[in-house]
Amino acid sequence: MKQALTKKLYEKLSKKLWLSLYFYQLPLEAFTLGKYLNEDNEEQKSPFVVIEKSKLLYCNQTAQAYGLTNNMKVATAYALCADLKIKERNPSLESVCLLELANVAYKFSSQVCLYNNKTILLEVSGSCRLFSDLSNLLKQLNDKISLIDISFYMAIAETPKQSFLLSIYNQENLDINTQNNDHLENNRQLQRMPIGFIAQDSFTQTKKQDSLKKIALKIKRMGINTLGDLFILPDATLGRRFGRDFLTYLYRLKGQVEDPLELYSTADSFSIQRCFLSGLDTIEQILFPARPMLESLVCFLSSRRKMASKITWRFECFNGEQLTIDILLSSHVQSTQQLMELTRLKLQQFYIKDKIEMVFLEAGNFSCKNEKQTVLELSSFSNVRQEDLNDNQKEALEHLKDRITARLKKENYFKLLIHDEYLPEKQSTLGFIQEHKANKPSTYSHKEHRRDKQKQLPLWLMQKVERITLYSNNQNQQLNYKGLLTIEPTAERIENRWWSQDNSTHHLDKNSLIQSTCRDYFIAKNKQGNGYWIFFDQHQSQWFVHGIF
Amino acid sequence: MPSLLSLSTPFLPENPSLEETCTPLKNTAPSILKTHSNLVSLDNLLKRSDIWQASQQNTQQTAQQHAISTGYAKLDAILHYRGWPLNALTEILVAQQHIGEIALILPSIAKKMKSGGALYLIEPPFNPYAPAWLNAGIDINQMFIIKSCQEQDWLWASEQVMGNKGVACCLFWPPKDHLSNKILKRLQLASKQGSPLNFIFRQSSVTNQSSPASLRLMLRASSKLEIEVIKQQGGWSGQCTSIHFSKNKYGDEK
């Protein structure tokens with residue numbers, strides 16, 4: 001019965017297909033990601049190494065040509081190559097790069113796993129059907145990763161651990177393994193694999209490699225050189241000698257028990273960075289790597305059917321100074337071309353003082369693409385139907401708003417707001433569009449609207465009320481503002497804080513700090529035909545102009 | 001309407017080739033004639049909105065295609081297409097501001113915005129008072145204001161807005177009097193592909209300056225608003241009319 005169950009489980013497991021992508025030069029290439037696309041790039045030709053604890057860890061091809069090798073001391077390396085560029089290993093940069101690669105992999109499979117700090121695993125059995133066949137999937141994946149320009153080995157096997165070991169073992173003859181996905185050939189390779197390779201693996205994703213390294217060494221000392229030799233030993237013996245964890249590891253490697261991998265989930269933020277050893281000092285230079293970075297973002301968003309409300313560019317100069325640029329987005333369609341245009345518009349406002357070493361692109365606060373924007377409450381007053389606009393027009397309008405926001409300063413672009421207030425200057429205000437992108441319901445009520453509809457109101461309101469002088473003609477006095485004014489027989493009193501007992505002029509309520517006001521509004525016209533909205537301030541006993549018709 | 005080509009063919013002696021019939025036109029418009037195996041389609045040429053045809057009757061259908069009613073019958077009567085030209089730049093020249101120029105265009109803006117789209121005010125002289133615009137039937141949630149920009153920014157913004165299909169109407173008050181012909185031409189070209197209603201408000205001092213705008217009106221204030229057509233595409237200029245605005249209402253009183 002137990003055997004039958006194990007067999008069933010094995011059959012279930014064997015239906016899966018794990019593809020391992022092993023980025024063997026990640027610590028080195030994290031610094032040069034996406035730059036070799038430009039063949040004339042000087043950085044490609046210059047010798048560059050990554051060091052750890054004052055020793056060379058990775059050397060690029062030019063550095064190797066100078067005779068530099070791994071584990072060489074920095075002083076020796078400088079003696080051999082004076083123009084050498086050196087960078088300390090940066091694990092955080094590597095993890096960001098790995099996340100970027102995981103985002104690319106996520107386009108090909110929903111089951112993506114960051115296996116270790118250099119490897120990504122993805123389950124592709126379902127995706128093979130989606131991409132018509134395995135070779136097509138691999139070709140497309142290869143093309144996508146080539147755009148990022150990073151070296152990698154890959155292997156396909158039926159268990160995650162098998163695929164990982166094969167990807168680091170089959171470095172020379174990849175094609176045989178990946179293209180054919182021969183189960184028997186995979187087993188043969190695994191049987192021949194030197195025992196030392198398991199030292200690079202770990203029991204689980206979270207545990208450190210040290211324990212497996214020690215076990216691999218012990219096994220080797222016992223005279224067992226290959227995995228095939230190890231597999232023929234009885235499980236009970238192996239369990240007793242090397243512990244239960246090691247036995248479970250072997251079961252997972254062989255596919256006898258399921259490997260509980262922690263899958264890469266849809267991240268709630270996007271982050272990508274590029275390092276430029278020679279520095280960037282013009283906008284055009286920045287825009288060159290910006291395009292592939294934005295392509296990664298668009299790929300990230302489209303695979304998750306999300307849209308970003310804001311993207312942030314961060315530029316770090318060699319002198320440590322940082323420049324942060326936020327680009328607000330309201331458009332539902334977020335294409336690379338549109339994002340590039342917004343980036344260009346925004347960058348044109350800045351002056352680059354020092355050379356930029358690092359470029360970061362970050363995005364967060366994603367919303368679902370299908371989510372409809374909140375329809376404005378006020379549409380019921382004006383009977384305006386924005387739904388009548390077709391999708392292209394809506395999209396064009398949203399993109400226009402984004403472009404204007406990117407190009408103009410915050411204090412140049414406004415939205416008209418209406419509030420449930422008595423005083424005209426408080427009732428109608430201008431709000432910065434960047435702060436009112438999300439449509440908030442207005443406090444302006446239907447009752448208020450019905451009341452205002454009966455009145456003759458000015459189209460324009462002055463930012464500051466202007467005093468009206470009095471013109472004395474014999475015994476009559478006339479209002480004078482850009483000519484003598486004639487008052488029309490319409491009047492309206494606007495008074496706030498009338499419930500307050502104190503009627504003193506310019507009373508300031510101590511509790512609410514609101515100034516009490518009592519104004520009598522009139523419409524006045526001058527001889528030139530200009531219509532003004534004027535008022536008499538009861539507290540100040542003074543005439544003012546407030547609006548223009 | 002049949003093309004000139006199809007009309008002329010039966011009268012030609014001994015049925016000459018089509019190419020021969022096109023010879024006079026070939027010299028004037030070679031690039032057009034070379035398309036589609038050297039065959040000229042005059043029908044296609046005549047469909048172009050920028051080719052004025054004296055014989056064309058200004059029917060109600062063509063008027064609806066090219067214009068939107070101003071909301072004032074008197075003004076519609078003196079305009080060639082019986083309304084504000086669509087996808088074109090309209091220049092309104094005033095001796096002094098705030099004599100009723102906005103009230104003149106509000107009915108058509110409100111009508112246009114009912115079918116969707118945004119209203120952009122670029123460099124307006126004052127802040128708009130929301131309840132008044134709401135009373136005029138404008139959706140203030142679709143109303144955007146661009147102001148206090150540098151010259152290069154307001155020029156850029158006006159071209160972007162006028163050239164956008166999602167915008168229903170653009171009102172532009174250039175902060176400086178003199179605008180070069182090149183700038184106005186760019187705005188006129190942008191208008192053709194984008195926003196249907198585009199108005200630019202300028203001082204009457206530039207009346208004598210040439211302008212590529214499709215319609216130019218001069219407004220003067222007296223007891224009524226006096227309107228004079230300075231220029232209009234497809235029609236004669238020089239017509240005058242006057243409008244009296246009714247209280248609490250824009251457009252003709254009914």
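Throughout, protein chains are lettered first and strands after them, A, B, ... in sequence-line order, and every chain is numbered starting at 1. Please read these numbers as outputs of a predicted model, since none were measured by experiment.
Residues B/Gln142 and A/Leu397 are in side-chain contact: their nearest non-hydrogen atoms beyond the backbone lie under 4.5 Å apart. The side-chain heavy atoms of A/Leu416 and B/Leu121, taken from C-beta on, include no pair separated by under 4.5 Å. Taking the side chain as every heavy atom from C-beta outward, A/Ile404 and B/Tyr120 approach each other to under 4.5 Å.
Looking at B/Asn127, its side chain never comes within 3.5 Å of a backbone N or O of A/Gln463 through a donor-acceptor pair.
The shortest non-hydrogen separation linking A/Ser428 to B/Ala130 is OG-N, 2.9 Å. Nearest heavy-atom pair across B/Ala132 and A/Pro458 is CB-O, 3.0 Å. Taking every heavy atom of both residues into account, A/Phe549 and B/His98 meet most closely at O-CB, 3.7 Å. Nearest heavy-atom pair, A/Lys415 versus B/Asn141, reported as atom, atom and distance to 0.1 Å: CE-O, 3.6 Å.
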Show, in sequence, the C-alpha distance, side-chain angles and deciding distance for B/Gln97 and A/Ile548, and conclude whether the side-chain contact (heavy atoms from CB on, under 4.5 Å) test is met.
CA-CA 10 Å; B/Gln97 284 187 328; A/Ile548 298 166; over 6 Å; no
Check against side-chain contact (heavy atoms from CB on, under 4.5 Å), B/Phe144 and A/Leu400:
CA-CA 11 Å; B/Phe144 302 95; A/Leu400 172 74; over 6 Å; no
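The CG atom of B/Asn135 sits 5.5 Å away from atom CG of A/Leu457, with the distance rounded to the nearest 0.5 Å. Atom CD in A/Glu395 sits 13.0 Å away from atom NZ in B/Lys165 (nearest 0.5 Å). Going from atom CG of A/Leu459 over to atom CD1 of B/Ile138 covers 9.5 Å, rounded to the nearest 0.5 Å. Remark: B/Ile145 CD1 to A/Leu430 CG distance equals 5.0 Å, nearest 0.5 Å. The distance from atom CD of B/Gln160 to atom CG of A/Leu345, rounded to the nearest 0.5 Å, is 7.5 Å.
No other option in B/Glu123, B/Arg220, B/Gln96 has as many heavy-atom pairs under 4.5 Å with chain A as B/Gln96.
With a 4.5 Å cut-off on non-hydrogen atoms, B/Glu101 does not touch chain A at all. If you measure heavy-atom distances from B/Trp154 to chain A, you find no contacts under 4.5 Å at all. Using a 4.5 Å cut-off between heavy atoms, A/Glu425 makes no contact with chain B at all. Contacts between B/Asn164 and chain A at a heavy-atom distance below 4.5 Å involve the side chain alone, from C-beta outward.
Residues in residues 173-183 of chain B take part in these side-chain hydrogen bond (donor to acceptor under 3.5 Å, both in side chains) pairs, two or more places apart or across chains: B/Glu151-B/Lys176.
Using a 30° and 60° split on the angle between ring planes, A/Trp533 and B/Tyr129 fall in the tilted class, from 30° to 60°.
B/Gln193 pairs by the side chain to side chain donor-acceptor pair (under 3.5 Å) definition with nothing, not counting sequence neighbours.
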